[in-house]
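Heads up: the structure comes next, in structure tokens.
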Amino acid sequence: MVTRRTRDGLLELVDWLEREHGPVTEEERAAAQAELREIDAEHDRRLRASSPAG
């Protein structure tokens with residue numbers, strides 16, 4: 001569970017990064033989301049492989 005304090009800290013970091021490096025483009029956002037989906041899929045594969053029924 002993400003706390004409000006954690007979320008606020010992440011938002012501050014995003015604001016700072018955008019001020020320093022400019023906003024994220026749609027292409028960059030799509031690439032990051034695709035990478036996160038790959039990470040989630042790998043995590044799911046590893047969980048299934050390590051489960052007793054796996």
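Counting from 1, the numbers follow the sequence of the chain as shown. Bear in mind that the values here come from a model prediction, so they are computed numbers and not experimental data.
- Take Glu28 and apply the side chain to side chain contact (heavy atoms under 4.5 Å, CB included) test, not counting sequence neighbours, and it matches Val24, Thr25.
- Remark: His43 NE2 is loosely packed, at most 12 non-hydrogen atoms of other residues, nucleotides or ligands lying under 6.0 Å away.
- Residues forming a side chain to side chain contact (heavy atoms under 4.5 Å, CB included) with Arg45 (at least two apart in sequence, or on another chain): Ala41, Glu42, Arg48.
- For Gln33, the side chain to side chain contact (heavy atoms under 4.5 Å, CB included) test picks out Arg29, Arg37, with sequence neighbours left out.
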Scan the side chains in residues 3-13 for donor-acceptor partners under 3.5 Å anywhere in the protein, sequence neighbours excluded, and list what turns up.
residue : atom : partner : partner atom : Å
Thr3    : OG1  : Thr6    : N            : 3.1
Thr3    : OG1  : Thr6    : OG1          : 2.9

